[in-house]
Each structure stands twice: as C-alpha cells, then as structure tokens.
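Report on one structure; see the data block that follows.
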Amino acid sequence: MSAPPPALPPFAERVRAAVGDAHLHEAIDRATGQLQARRGAAFASLEAADLVRDHARAAKLEVLARLDTMLEQFEANARANGIAVHWARDAEEAQRLVVEIARAAGCRRAVKAKSMVTEEIHLNAALEAAGIRVVETDLGEYVVQLRADRPSHIILPIIHLTKEDVGRTMEEKLAVPYTSAPQELCALARERLRAEFLEADLGISGGNFAIVESGSLGLVSNEGNIRMVTTLPRVHVALVGIEKLVPTLVDWERMVQVLARSATGQKITVYTTLVNGPRRVPPAGTPAGRIVDEGPEQVHVILLDHGRSATLAGDEAEILACIRCGACLNVCPVFRNIGGHAYGDTYPGPMGAVLTPSLRGLPGWEELPQASSLCGACRDVCPVRIDLPRMLLSLRAKGVERGPVGLVPRLFMKAYAFLATRPRLLRLAMKLARACARRRARDGWVERTPGLPGLLRGWTEQRDFKVPAARTFDDWWERRRGSA
Amino acid sequence: MEAREEILGRVRAALRTARLPARPASLPPIPSALEAAPPETWRARFVAELLALGVAVHEATTPEEVRELVRTRVAGRRVRSWARAALPYDLGATLAEASASLLDGAAERAALAAAEVGVTGVDAAIAETGTLALIAAPDRPRTASLLPQTHVAVVRSADLVPNLRSALTRLRGAIPAASALQLVTGPSRSADIELQLTLGVHGPGELVVVLGP
C-alpha cells in the first residue's frame, strides 16, 4: 500500500484552497448542474430504467461473488481469442509489464486512451523513464498532459478549467494563436494528435468492461480516440482492474444502457467498442491485397489487483461494483464545492472517498470519508445502486477505531454520554443551550459573528446555526397529554 | 504465473470474508416496447434518432437511387471503403467510377490518412438509438469509418433491428469470429471544454446515412 505522496498538503488545507477558488466554483457549477439535468432526461428515455439498473447491479455482484472463477474463465476465453493475459499484483508490477511488452515489440511511441487505472498506477512517468514517448489523446487528458496537471473528474478531466484556460494552454504549449472557441481548440488537438496516431506503435487503454463469456474488452468513447488507439498501433495493451469483469454479452448490453446515461446523459456513447483480439490472420493462399483486417498484431490485457483483493475482503467490497460513470461526483454537495483535486488521488467524489482508502489503505486517507454530508444523493444516482453512505460510515468507524481521536472530541463524547443517560440533566442542559443560542441569534440564525461560544465556535465559522425552536417536542407533548 | 496464483489466492481468501450485498434470486426480464412494435415503426425511429444526433439522412426507394446518392458524396474525392463484396447495392462499381481514388483493400498508412470519405455498409442498424453496428473483418476495414472526415454508411431496410439486444442476437454468429465489433452513434464529438458540443474530434466530423430499400 502506498502512502499519499509527501508533497500533498493536508486535506484541510486542500479543501480550504478549493473552497476559496471562485474560478473553480464557476467551472464546476456550470458542468455538474448541466450533467445532472442531462442524466435525468437520459434515464427518462430508458424503458423500465429501474429494472435495467437492477440487472446491471446483479451482474456486477455476481462477478464479485465468484471473482476467482470469473477471472480464470475470462483469462481462458481471452487467450482463446489470441489475447495475451498478464497479472499485476501492484502498480510497480503493472508498470514493469507494460515496459517489457513495449521493449519486446520494439515500441517507442505510445498513444493513450483516457484511463483512470493508468492514472492510478502513474503509468506515464514509468513509460517516460523507460524512454517511451507517451501522448494522451482524449481532448481533456491532452490538455491535462500539456499543463502537467491532474484530471479533476473521472469523466470530464478538465471540468476545473474554462475555455480561456484551455486556449491559453494551447497558445503557450503548442505555439499557436490564442483562441477560446471550443471548436477551434478541438480542431487544433485533432491535427496534432492525428499525426501521433499515425506514427505510434503502441496503444494503451483501460477497459470499461471485460466480458467473461466472450473473452473480450468493452470500451467506450465519444471522440474516437479509443478506436484509434485500439486500431492503428501494432501493439495494444489494456490495463484492467480485476473488478471490471461482467459475465456475459447480455450483461455488457445492460452496462452500455446505463453507463453513458449516467456519465454524460447520452443514450449510448458515439463509439462503443468490443475488442475480441488481434487482427485476424487470413487463411493461407489469400491474395495479399485482400488482407485488410485492420487492428493490432498483438493485444495484451493486464489484470491489475493493486488493493482490489484486499478491498474485496472487507466491509467496502461493494465499491468494486463501481463502473466509473461519475454520476455520484456531479450530485455530491462536497464535490461541487471542492472539486476533484482536493481529494488528493485519482478518484474523487463519493466513490473516490470510499475507493481511495480501500485501495491504498486507510492511513493517510482517514479524512476522505469525512468529506460527505451523508445526504445519500450518490446512492440515488448510482446506476448499480452502490450504498456509498453505508461505506462512508464504515470507513469513518474504522478511522475512529484506529484512533487516536483528539482530546476535544473525546471529552465531548464523554460529556454527551453522561448527559444523554440522565434525562433530567439533559433537559436542563438543552434549556440552557437554547437560551444561550437564542441570545446570540439574529432572525432565527446564529451567524459567524457573534457565533456560538467556546468550543462550538468552529460550527459557526463555516455555516450558520439554526436557532432551536422556542418549545421542545417534550414540552409540547407533555402539555398536549395534559390537556387531553 | 507467480502473480496470477497470488492474486487468485488473495481473491479466494477475500471471498471467505467478503460482505457483499445479497443478490436478488431472479429478476423479471427487461421489456421492450420497440421490440414488440411492428418492424415498420423501426425505420421512423431510426431516422428520428439519427437526425437528433446531427446525422445527415438520405432515404432512397431503389438501389439506383442509393447509388446516385452515394455518387454525389464521393465524386472526385479520395475514398476509403469496405471491399466490393461486402458493400450493399453493388456500390463497388459506383465508387470505382466516381471517386478520385479508391482504397478498398490493404493500403499504405499515408494513403489511408489522406482519404476524404469513408464508405461502408452496416451489419445491423439499431433503431432505438440510431446506432450502426460494424463488424471488423478482412473485407470490412475499420479505418473506413474512422479516418476520413466524412463517413457515409449505407443501410438496407433489412439491416434494421429494434435495439442493441436484438442486434447482438442477430450478430451472435459473426461477433466471435471478428477481431472487433464497433457501434457508431453519430459523428465524433467531445464536451470536454465547458461541456460545449464540438464535432469531429478524432473520428469523422460528418456522418451520412443513406437508407435504402
């Protein structure tokens, strides 16, 4: 398990910086608001949408419940398709495998599809250290690479940037005249990246789905870069987390129905690809001019563990059903206020707050599960109905068990336990607290100034405190009973 | 095999303690109104979906009309296409005659990159989403629907299926034999920059569907 990079400032500082960034808020508000609306419309157009989601969930849970045999079957079927299957216990092993495959095939220039798992294992740095040039080809990821930035959303990597930011980046890094028109920026990227696609000898992708029954990979993209990456270079390497399996092509079809709807509000992505293996070699005696099954000569799949088997063993196993659609990010009030970078690792938002501590181990990441109001919006939008709030709570509990809990919260909980077990005393304390809060209130709210007194001040530093009602329920109940 | 055995061992051990949510014993099948509707309705739905995606749709009632529509799209231009045998409506002759140059077999990368129009048939056309299903095979080169700025797909009425599920059923024999299956739904697009729709990022910026008899 790797600890967070030493350069990473503490979570509270990352959050403070993000909360103070008006530019970031503007960019994120615009995007997440629209995405929520589009997602709603897209699901409204799906017949029996709830049932489709139930089926999708059942398929993922079935895979997880029999993951060992599913992995063996996928491996056997993929091999029968001519795919070379490799296994990587951790990030270093996965990096080494990609470098070895590239070296054995003499590859020097790689084009990459957007893939969170390659972000997770820091593949680009490892390839560059091995002398292999690597170019990101998803428009957003290309901009991220030009800026030496990090993606801030698993579907929209540059959700934190405005079109002006992108324009200035391209002006500076590509030495082109400044423009902020998305269509022009897109044309610039097309021209630059087309040359890369035609020259590359190695294509690197993730895998949205690995289909057990057919031994194939399911990939989705809107731009067409994944088709390029899996068609033009002579070698294709796909990095796939061991949890990405789905049992059958029928299950894959259900995943396709819910993935794009959840991610971008489309019924289906522009390009939905099933990769069965390398180009088919024609039978002997076929005239050379007719040999045109285009595609790579070699297809490799690297099945990556990197904390997934450890996650499967615990209370948070359900997070392995995640299909990385990003819907939970867009609805999360915390994500919408702090953006993706503040989460500090590859996966942000509610799914990231569960997945990161699960994959990397809780030490150093205890605060991520705290970054939630537990409102449950994430569970409601999840296409496979993952109970994210339950796991945010189980991770919080583990964080507390691990301790050390600060002196203040400990004393507070002791005092609370003392009061809560003595009804008369509790009522008296509540009466006092109510009177105190009311004195500090304006129009029903205790605001930052004067704020709550003493240790409670922290609450009103960040939010207003609603003044308790003049009469408690207990009072009301007593009187009602008395008058009846 | 060391990593393989270790990972599988860890997974087996994990499954002994994993607390996975219960799975429903059985779920009812997913209904489809479009599957149940008369096939004549599929064509209208397919066209409506294509138009919503920004696809140029041309309907033709005779093979001659199809060839004429394709001819106007390829006239004087460099064309990448499926092999003659795989194209419907005997389009190969039209392409050879009308185009400036035609690549319908193995070709150099530089020549492929210079192609302006790609012409393909389809293996299925999915009404529900306006999706074209293209099998990758020796007579169906993938680059025809990928590299040129314009992709002209020629669809026969017989190619129409109501939804993806029925397309998979129809193609269940062909899919395992192919190196890939490509589903295409509209022109290449991106919304990475401020969620603004931009077309033709990497794949064709223009998709034309000629829908024949």
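Residue numbering restarts at 1 for every chain, and letters A, B, ... go by the order of the sequence lines. Remember, predicted model here, so these are calculated numbers, not experimental data.
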Trace of the side chain to side chain contact (heavy atoms under 4.5 Å, CB included) decision for Asn276(A) with Leu181(B): CA-CA 8 Å; Asn276(A) 279 341; Leu181(B) 168 70; 5.9 Å; no
Leu147(B)/Met228(A) under side chain to side chain contact (heavy atoms under 4.5 Å, CB included): CA gap, chis, key distance, verdict: CA-CA 9 Å; Leu147(B) 291 177; Met228(A) 298 279 187; 3.8 Å; yes
Side chain proximity check, Leu303(A) to Ile7(B), heavy atoms < 4.5 angstrom: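 Contact flag for Leu303(A)/Ile7(B) side chains = no.
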Test item: Glu2(B) and Glu93(A) side chains (from C-beta on) under 4.5 Å apart, heavy atoms: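 Side-chain contact under 4.5 Å: no.
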Residue among Ala136(B), Pro28(B), Ala191(B) with most heavy-atom pairs under 4.5 Å to chain A: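 The residue among Ala136(B), Pro28(B), Ala191(B) with the greatest pair count is Pro28(B).
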Option in Leu199(B), Leu34(B), Asn163(B), Thr131(B) with maximal non-hydrogen atom pairs under 4.5 Å from chain A: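 Counting heavy-atom pairs under 4.5 Å, the top option is Leu199(B).
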Any donor-acceptor pair under 3.5 Å linking the side-chain atoms of [Y] with those of [X]?
{"X": "Ser188(B)", "Y": "Glu223(A)", "answer": "no"}
{"X": "Thr198(B)", "Y": "Gln183(A)", "answer": "no"}
{"X": "Arg165(B)", "Y": "Gln257(A)", "answer": "no"}
{"X": "Asp293(A)", "Y": "Ser179(B)", "answer": "yes"}

Between [X] and [Y] (salt bridge meaning N to carboxylate O under 4.0 Å), is one present in this structure?
{"X": "Lys267(A)", "Y": "Glu49(B)", "result": "yes"}
{"X": "Glu316(A)", "Y": "Arg19(B)", "result": "no"}
{"X": "Arg89(A)", "Y": "Glu6(B)", "result": "yes"}
{"X": "Arg12(B)", "Y": "Glu72(A)", "result": "yes"}
{"X": "Glu294(A)", "Y": "Arg80(B)", "result": "yes"}

Segment of Thr169(B) engaging chain A (4.5 angstrom heavy-atom cut-off):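 Contact with chain A involves no heavy atom of Thr169(B) at all.
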Chi angles and distances behind the salt bridge (charged side-chain N to carboxylate O under 4.0 Å, His left out) call for Glu194(B), Arg30(A): CA-CA 8 Å; Glu194(B) 290 195 3; Arg30(A) 181 175 39 227; 3.3 Å; yes
Over all atoms of both residues, closest heavy-atom pair of Leu67(A) and Leu15(B):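 Minimum heavy-atom separation between Leu67(A) and Leu15(B): N-CD1, 3.9 Å.
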Donor-acceptor pair, side chain of Arg194(A) and main chain of Ala113(B), under 3.5 angstrom: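 No.
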Spatial distance of atom CZ (Arg23(B)) from atom CG (Leu61(A)) [nearest 0.5 Å]: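 Here the interatomic distance stands at 7.0 Å.
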